Every structure is written in C-alpha cells, then in structure tokens.
Number of protein chains: 2
Amino acid sequence: MVEVKSRRGEYTGATRRALLDAAARLFTERGFAQTSLDDVAADARVTKGAIYHHFASKTGLFEALFDELEHTESGAARAAFEACEDPGAGVVAALDQFLRACSEPVYGALVFREAPLALGWDTLQRYEAKYSYGLLTDMLGALRGTGRIPIWGGDALPRVVFGMLSAAGQLLARTPPEDVERVRAECRVPFTALLVGLSSTTDS
Amino acid sequence: MVEVKSRRGEYTGATRRALLDAAARLFTERGFAQTSLDDVAADARVTKGAIYHHFASKTGLFEALFDELEHTESGAARAAFEACEDPGAGVVAALDQFLRACSEPVYGALVFREAPLALGWDTLQRYEAKYSYGLLTDMLGALRGTGRIPIWGGDALPRVVFGMLSAAGQLLARTPPEDVERVRAECRVPFTALLVGLSSTTDS
DNA sequence: GTCAGTCACATACCCCGAGTATGTTCCCGA
DNA sequence: TCGGGAACATACTCGGGGTATGTGACTGAC
C-alpha cells in the first residue's frame, strides 16, 4: 500500500504507475491474452525489464491492477451499505453503487471479463473472499439478523448471489452507454425479487 | 454431426474419439491451459499431427468436446422440462437434472471451469445461445405465459439467472462427492426463492 | 573524495508450446 | 498398376513469457 519512499524521488513510483495505466488500457481494449508484455512496456515507454522489476509475472501485473480496482470499489460499496441504518436499504444502496461501477468500462471489463481468464478461478476466489465476497456475506448476515431471510447452512447462497452479480456486471460492461440506464434498472429486478422470495421462505 | 463414413472402417473415427476422450480427461484433471497438445496426443497414442488433422486448433478441439457435452446435457434438461405438464414443475425438474449433471465431474469442470478460459466469453455466449440459454428463455417464457412472472424487457433476467446457474454449477463441480447431496439442496434455495419473488412482483 | 553497494531499469538470451509444412504409408477405384 | 487422397507422423518455425546479465546513477561509509 504505502509506496517505498525511494531516496531518488518518485521516479520509480511513476514508472510503476505508468505500467499499471498502460496495462489497464491495453487489457481493457485487446484483452489480457492478446496483449504481450512488450506491448505494455512500449506503451509505458520502458522495456520488459521494468515490468519484471516491479512485478513477479504477467499475472502479477494483472493482480496488482485488479487488487487496486477491487480495493477502491469494494470500499465504496461497503460505505454505501454502512451509510444506511436499515440493512435492507443498505443492500439496495450497495447494489446500486456496484451496478454503477460495472458501467464504468475499465472496471467492468477487467474484473468480470478478463479476471477469470487472467487469474483463473482459484486465485479469483481468494480475491473475492478478500473483497466483494466478504462484503456480500456481511450484508447477507445483517439481513439474516433482522430475520428478513432464513438461516442457511453452507455458502451456496452467497456463491449463487455472487454469480448473479458477476452476470449483471458482465452484461453492463458490454452494454453501450446509451442503454446503460435501462439495463441497470432491469438488473435490479432479479435481486429485489430474490430478496422478496427469501424473506417469504420458511426454513425447511 | 454425422461422421464421415470412411471407406476404411471406423479406424479414423476411433482416433477422433480417442482424442476427445484423452482431452476430456486431461482438461478435467490439469485444466485447459496446463495441458499441451503433445500431452493429449500422447495419451491417445498418436502425435500432434493427428490432432490438427481432425481439429482446426486447440480451441477447436475443446469446442468439439464442449459441443458434445452441451448437446446431450441440454437435451436431457429440455426433456425433463417438457415431460411435465405444468411449466413450474418443469422448471424444477430441469433444474434438478441440471444440478445432477453438474455434480458429474467432467461436465461441471469442463463447462463451468474451463470453457470460459478456453473459448473466451464471446464464443461461449454463442454456444449458450445455442443450448442452455435458449432452453432457459423458453422456460422463462412458458412461466411468463402462465402469468407466474412479470413481463420483462431486455435479456437482463435470463442472463442473471444464467449467472446463478453457472455459479451453482461451478460450486457443485468443486464439491467432494460426500457433500454433493447437501450442497445440491442448498443450491435449490435461491432459485425457488427467485421464482417466488418474481411471481409476487408487479410490473413497474 | 572515492569506492563499494544497490536500486532501477535495459539488453540479450532461453525455452516451451501452438501452429505449419512436408513426408510417408495405406487403401481404393479406375 | 498406378494415380490420388485419406490418415496420420516428422521436422520445423515463431511468438511470447520468463531469466540472466549488463549498466548507469545515486548514496552512504570511511
């Protein structure tokens, strides 16, 4: 998090940032697999050596980018959730915040389109556990605390809900700007319906 | 679909089948990216030349495998759906059939774990449109016909539902056999809840 | 003031694996 | 029996991720 304060000013931090920005652009436009490290280095006006000085591998470069995006976004969603007294309203607010973030081209494309391809499902799930997934279980737990949804056993419910969020995010990431508003409204339907359904479901 | 009836018997068809079987095994165990074509060829007792004689590329090999699996599975799910008079019961039956198929190691691993990585989202969506996605919209349409769920505009709802199915499938594919029964029951919860919620949702 | 040490890269290289080009064998029909 | 094509095998290219090594600039110690 805190950048190493090099004695030689922020020259080194600047190249690292340039690499992350270049990677964000190219990975978003061409995709992770279709972008070579030489492309990223050239776009940042350096060579491949600089990449491997700052990051462990091509995957490591993507991970740093991904971690950055998820950190800020999950923070915003959690803030939206905790700003509300009522957990039910908090969930809706967090969902709205999330759907807005997905409409932003870079976040949607990298997190929901490229991340599985770049990191693989195992690594991706570790990050999910760290960020969005943890927030999601917190929110579901708060809802359960109010008796609004039933007790559940394993983690099937949050996983499936997360699948819904991924699908919505991926859909929004592919939606042209002029339709975003309408699609975002459509995306809210299944989530509110699920909440309604869960609240009227008795334990079995 | 119909195999070319070579004059020299089914020797050529046999190698093609051996290649598909070897690919299914290795892709399931090690994953698509971690399996080289030489590995597949060696496992089938042939060389890489045989692969490129029968398939256009590594992706093409996976596609043939994927298409085969999806064809049989979507057929089974559709049969389960159409065997019921009531669309509501049909949806439940199709869901059960689907969740059972996901518990089978090869189908779950290849379709929900490897397919996005091997084919990419665009190609994958074309296959979804051909198979599971088409069935899904048919089922939702039948439910809509009975007035059990509201009218919806775009394709956000089926997409999100498909995301739920993918998450459930992926979860089941990673579940050890002794827990499959329990997890499968847990997976049914959000789907039935969604149906309940949709049926009690009025148009907005 | 100079010299060892290290940071921040650049350059040159290795190697694996997908894809290709070409060779070879067997069979069939003319 | 001979041309031809199907069904592979063999040998090769090449792009890109990863590595090993070189190099200049700065810094802190003595």
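Each chain gets a letter, A, B and so on, in the order the sequences are listed, and its residues count up from 1. The shown structure was predicted, so the numbers you read here are calculated from the model rather than taken from an experiment. For the numbers below, each heavy atom of this structure counts, side chains included, while hydrogens, waters and symmetry mates do not.
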(request) Examine distances only and state if a side-chain atom of A:Lys130 and a backbone atom of A:Asp67 form a donor-acceptor pair shorter than 3.5 Å. (result) no
(request) Using a heavy-atom cut-off of under 4.0 Å over every strand shown, decide if B:Thr47 touches base, sugar-phosphate, or nothing. (result) base
(request) Answer yes or no: is there an ion pair linking B:Arg17 with B:Glu68, defined by an N-O contact shorter than 4.0 Å? (result) yes
(message) Donor-acceptor pair, distance only, cut-off 3.5 Å: does the side chain of B:Arg184 make one with the backbone of B:Asp96?
(response) no
(message) I need the CG-P distance between A:Asp38 and C:dC13, as an integer number of Å.
(response) 16 Å
(request) Output yes when at least one side-chain N/O atom of A:His53 is less than 4.0 Å from OP1 or OP2 of C:dA8, else no. (result) yes
(message) Distance check needed: D:dA9 P versus B:Arg45 CZ, whole Å only.
(response) 12 Å
(request) In whole angstrom, give the distance that lies between atom CZ of A:Arg30 and atom C1' of D:dG16. (result) 14 Å
(message) Rounded to whole Å, please give me the gap between CG in A:Leu61 and C1' in D:dG16.
(response) 15 Å
(message) Check whether A:Asp43 reaches the backbone of A:Val40 with its side chain - one donor and one acceptor, N or O, closer than 3.5 Å.
(response) no
(message) It should be established whether A:Thr15 places a side-chain nitrogen or oxygen under 4.0 Å from OP1 or OP2 of nucleotide C:dC9.
(response) yes
(request) Identify the two heavy atoms, one from A:Ala77 and one from A:Leu135, that lie closest to each other, and give their separation to 0.1 Å. (result) CB-CD2, 3.7 Å
(message) Restricting to side chain to side chain contact (heavy atoms under 4.5 Å, CB included), what partner residues turn up for B:Asp179, sequence neighbours left out?
(response) B:Thr175, B:Pro176, B:Arg182, B:Val183
(message) Could you check whether any side-chain N or O of A:Arg45 sits under 3.5 Å from a backbone N or O of A:Thr15, counting only pairs where one atom can act as donor and the other as acceptor?
(response) no
(request) Would you tell me whether B:Tyr127 and B:Glu63 have side-chain atoms, one donor and one acceptor, within less than 3.5 Å of each other? (result) yes
(message) What residues from residues 18-27 of chain B pass a heavy-atom cutoff of under 4.0 Å to DNA chain D?
(response) none
(request) Measure from CZ on A:Arg16 to P on C:dA8 and round the result to the nearest Å. (result) 12 Å
(request) Classify the angle between the aromatic ring planes of B:Phe27 and B:Phe62 as parallel (below 30°), tilted (30 to 60°) or perpendicular (above 60°). (result) tilted
(message) Within the 4.0 Å limit for protein heavy atoms, which parts of nucleotides 19-25 of chain C are touched? Write it as a string from 5' to 3', B for base, S for sugar-phosphate only, - for none.
(response) BB-----
(request) Please report, rounded to the nearest Å, how far the C1' atom of D:dG17 is from the CZ atom of A:Phe62. (result) 17 Å
(request) Would you kindly give the NE2-to-C1' distance between A:His54 and D:dG18, to the nearest whole Å? (result) 17 Å
